[in-house]
Amino acid sequence: MRALTRGDGTWGDDVTANVLTIASIPGNLGPVPFDFEIRGEIYLPFADLDRLNAEREDQELPLFANARNAAAGSLKLTDPAEVSRRGLQCVLYHILGDSLPFSTHSQAIDWAASKGLPTSQYSRLADSLDEAVKYIGEWDVRRSSLPFATDGIVIKVNELDLQKRLGFTAKSPRWATAYKFKPEQALTPLLSIDYQVGRTGAVTPVANLKPVLLSGTMVKRASLHNADQMELLDIRIGDSVWVEKGGEIIPKITGVELSKRPADAQKPVFPALCPDCGTPLVRTEDQARHFCPNTDGCPTQKKAGFVHFIGRKAMNILCGEATIEQLWNEGFIRELCDLYFLSEEQLISLEGWQKRSAERLLESIEKSRKVPFGSVLFALGIRHIGETTAKQLAAHFGSIDAIAAASREELLSVDEVGDTLADSILEYFASESHRQLIEKLRIAGLQMSVDPASLRRDSSKLEGCVIVVSGNFSISREELKELIAKNGGKCTGSVSSNTTYLVAGEKPGPEKIKKAEKLGVRIISEEELNNILL
């Protein structure tokens with residue numbers, strides 16, 4: 001009936017049309033005398049990732065960093081025909097329902113396989129812990145031969161009644177546990193180092209390696225993070241370096257094999273100028289990274305600013321990084337406001353675009369004009385303004401004009417605004433180009449002030465309370481934070497001695513739980529919060 005993504009645990013996406021293009025998923029199961037939900041994972045085999053990246057390299061498009069990102073991005077495409085050629089596969093491993101006719105997990109999975117649903121050909125029923133341990137040892141060797149990425153094994157209690165009795169912790173089921181393999185390592189020469197510019201202007205050194213097979217994929221590049229990390233590794237061009245995959249996905253360099261260092265190995269010199277626009281880089285004492293300060297002129301930063309602007313927690317526009325790259329390369333966008341003046345003709349002229357995909361993008365752009373002011377402020381990408389702080393600033397000042405006119409002292413009077421953030425806001429609004437951008441966005445119809453109705457409180461029952469929310473709830477975290485604010489409370493992102501409550505849902509952050517317990521902060525459930533508000 002429906003194929004849905006997990007999303008944030010509460011809200012996901014309906015991807016039925018795309019999932020039905022996956023060859024291994026049947027469109028119809030035939031008669032089934034009960035309702036059920038089946039969960040699993042969609043993945044991209046190594047061979048298909050290599051094929052897609054070869055095609056993208058020929059088309060001079062950015063390559064997919066790994067199979068996980070490629071699979072997730074493919075599911076969000078607006079054209080099912082394009083999804084069908086990506087080569088996605090699926091494995092299903094958990095069935096839920098109110099009246100399932102099974103007594104064990106293995107029976108349920110065998111039934112799913114008999115109906116043509118794709119299940120794992122590698123799973124095994126173990127009659128003892130020794131058998132499970134033997135299975136782990138076997139796959140610690142065999143996993144390198146798999147045609148897809150894996151970083152471990154899940155061991156489950158088979159009896160469904162026992163699963164119910166064991167239940168769940170706040171983070172995970174008590175009847176299942178994951179065994180993670182030790183990351184595979186490989187030794188390979190370092191050929192050169194590139195320096196890449198990110199959205200905030202941070203410059204990251206990336207090592208170019210002699211291709212080496214690691215966990216089923218050819219690894220050619222790995223991040224070196226910053227100049228301090230390069231110094232700590234004492235790395236040289238020509239060194240043989242040890243590479244492993246963090247979580248079997250992201251390659252990282254863990255050390256240098258000094259016994260293989262060539263006599264002519266050269267120590268890399270971190271650039272003084274931005275590799276993209278040539279602006280002198282800056283680095284303050286409290287920062288590990290070098291930054292390009294040319295926020296408004298550096299092409300890489302500007303494109304990354306678009307990606308931030310369209311994000312779900314910002315303007316929630318239905319397009320991705322590849323679309324931004326296309327629009328930029330065609331010269332259709334240079335400023336954020338340009339998105340609001342795109343035409344269907346321009347979009348259809350792009351490679352791979354059809355009328356319906358163009359209409360869907362334009363519809364989402366139109367909807368974004370109604371996004372609340374707090375999200376618009378966050379979307380602007382002002383340095384150091386996060387999602388929560390943007391909403392606090394919006395509620396405190398009420399409009400973009402009031403924030404732009406605020407003095408340093410007035411900014412510092414807002415909770416969570418310190419010297420660094422106040423200076424960043426003042427610097428942003430001091431720019432004539434930024435003020436012009438805001439006027440163009442205002443003309444485009446974006447919300448530049450708070451809807452008075454959103455400021456009305458339901459009660460003052462949480463007045464003076466500082467609250468941190470963590471985990472998944474019956475409503476989205478954004479809705480829960482709004483509920484807290486409407487009852488006088490203030491949400492912050494981290495636990496401190498000033499925190500009144502940590503509201504813990506399903507799968508809360510373990511570090512937040514640990515810190516709350518250490519500081520004696522009261523941990524409450526969503527139900528307990530609702531009881532406080534009664």
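Just so you know, residue 1 is the first one in the sequence shown, and it goes up from there.
With respect to Lys515 and Glu511, no salt bridge is recorded, no charged nitrogen being found less than 4.0 Å from a carboxylate O. Using a 4.0 Å cut-off between a side-chain N of Lys or Arg and a carboxylate O of Asp or Glu, Glu463 and Lys461 do not qualify as a salt bridge. Using a 4.0 Å cut-off between charged nitrogen and carboxylate oxygen, Asp13 and Arg312 count as a salt-bridge pair. A salt bridge does not link Arg6 with Glu41: every distance from a Lys NZ or Arg NE/NH1/NH2 to an Asp or Glu carboxylate oxygen is 4.0 Å or more. Under a 4.0 Å N-O distance rule, the pair Asp276/Lys303 does not qualify as a salt bridge. Checked for salt-bridge contact, Arg408 and Asp423 meet the test: a charged N lies under 4.0 Å from a carboxylate O.
Here the side chain of Ser470 pairs a donor or acceptor atom with the backbone of Gly509 at under 3.5 angstrom. Not one N or O on the side chain of Ser375 forms a donor-acceptor pair closer than 3.5 Å with the backbone of Met315. Remark: the backbone N or O of Ile467 is not paired with any side-chain donor or acceptor of Thr499 at under 3.5 angstrom. Between the side chain of Glu410 and the backbone N or O of Ser407 there is at least one donor-acceptor pair closer than 3.5 Å. For Asn18 (side chain) and Val15 (main-chain N/O), no donor-acceptor pair under 3.5 Å exists by modelled atom type. With Glu526 contributing its side chain and Ser474 its backbone, the two residues share a donor-acceptor pair below 3.5 Å. Under a 3.5 Å cut-off, the side chain of Asn53 and the backbone N or O of Phe64 do form a donor-acceptor pair. No donor-acceptor distance shorter than 3.5 angstrom exists from the side chain of Glu244 to the backbone of Lys252, with no hydrogens or angles considered.
Taking CD of Glu344 as the reference point, atom CD of Glu359 lies at 5.0 Å (rounded to 0.5 Å). A distance of 12.5 Å separates CG of Leu224 from CD of Glu231, quoted to the nearest 0.5 Å. Note that CG of Asn69 is 10.0 Å distant from CG of Leu49, once rounded to the nearest 0.5 Å. Atom CD1 of Ile524 is separated from atom CD1 of Ile532 by 4.0 Å, given to the nearest 0.5 angstrom. One distance of note links CZ of Arg356 with OG1 of Thr78; it measures 9.0 Å at 0.5 Å rounding. Atom CE of Met230 and atom CZ of Phe270 lie 6.5 Å apart (nearest 0.5 Å).
Contact detail for Ile333 and Ile324: the closest heavy-atom pair is CD1-O, 3.9 Å. When all heavy atoms are compared, the tightest approach of Gln346 to Phe332 is O-CE1, 3.4 Å. The nearest pair of heavy atoms linking Ala390 to Ile385 is CB-CG2, 3.7 Å. Taking every heavy atom of both residues into account, Lys302 and Arg334 meet most closely at NZ-O, 3.0 Å. Shortest non-hydrogen contact noted between Leu281 and Pro271 is CD1-O, 3.4 Å. For the residue pair Ser431 and Ser433, the shortest heavy atom distance occurs at OG-OG, 2.9 Å.
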Can you check side chain to side chain contact (heavy atoms under 4.5 Å, CB included) on Val521 and Val468, steps first, answer last? CA-CA 10 Å; Val521 172; Val468 176; over 6 Å; no

Give the intermediate values and the outcome of side chain to side chain contact (heavy atoms under 4.5 Å, CB included) for residues Ile403 and Leu377. CA-CA 10 Å; Ile403 296 174; Leu377 182 61; 3.7 Å; yes

Could you please spell out the steps behind the salt bridge (Lys or Arg N to Asp or Glu O under 4.0 Å) verdict for Lys486 and Asp458? CA-CA 5 Å; Lys486 281 186 173 293; Asp458 295 337; 5.3 Å; no

List the steps and the verdict of side chain to side chain contact (heavy atoms under 4.5 Å, CB included) for Ile235 and Val241. CA-CA 8 Å; Ile235 205 162; Val241 296; 3.9 Å; yes

Kindly indicate, with the supporting measurements, whether the criterion side chain to side chain contact (heavy atoms under 4.5 Å, CB included) is fulfilled by Leu44 and Leu52. CA-CA 10 Å; Leu44 188 70; Leu52 290 174; 4.0 Å; yes

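A side-chain donor from one of Asn208 and Arg221 sits under 3.5 Å from a side-chain acceptor of the other. Of the N and O atoms on the side chains of Thr295 and Tyr428, not one donor lies less than 3.5 Å from an acceptor on the other residue. At a cut-off of 3.5 Å, with distance as the only test, no side-chain donor of Asp79 or Ser357 sits close to an acceptor on the other residue. Side chains of Ser399 and Asp401: no donor on one and acceptor on the other come within 3.5 Å.
Partners of Phe341 according to the ring pair (Phe, Tyr, Trp, His ring centres under 6.0 Å) rule, which considers only residues two or more places apart in sequence or in another chain, do not exist here.
Stacking of Arg369 on the aromatic ring of Tyr340 is not recorded, the 6.0 Å distance cut-off and the 45° axial limit not both being met.
Looking at heavy atoms from C-beta onward, Trp353 lies in side-chain contact with Gln326 at the 4.5 angstrom threshold. In this structure, Ile382 and Leu421 have side chains that are not in contact, with every pair of non-hydrogen atoms separated by 4.5 Å or more. Between Leu480 and Leu529 there is a side-chain heavy-atom pair separated by less than 4.5 Å. At a threshold of 4.5 Å between non-hydrogen side-chain atoms, the residues Pro299 and Trp328 count as touching. Using a 4.5 Å heavy-atom cutoff, the side chains of Thr204 and Ser223 are in contact. When side chains are defined from C-beta on, Leu209 counts as touching Val219, because their heavy atoms get closer than 4.5 Å. Using a 4.5 Å heavy-atom threshold, the side chains of Thr389 and Val414 count as separate. No side-chain heavy atom of Ile348 sits less than 4.5 Å from a side-chain heavy atom of Gln354.
Environment of CD in Gln436: crowded, with over 12 heavy atoms of neighbouring residues, nucleotides or ligands closer than 6.0 Å.
In this structure, Phe429 has its ring center at least 6.0 angstrom away from the ring center of His434. The ring of His308 has its center closer than 6.0 angstrom to the ring center of Phe378.
Pairs passing the salt bridge (Lys or Arg N to Asp or Glu O under 4.0 Å) check and including a residue from residues 425-436, sequence neighbours excluded, read Glu432-Arg435. Within the structure, salt bridge (Lys or Arg N to Asp or Glu O under 4.0 Å) pairs that include any residue of residues 488-498 comprise Asp415-Lys490, Glu416-Lys490 (at least two apart or interchain).
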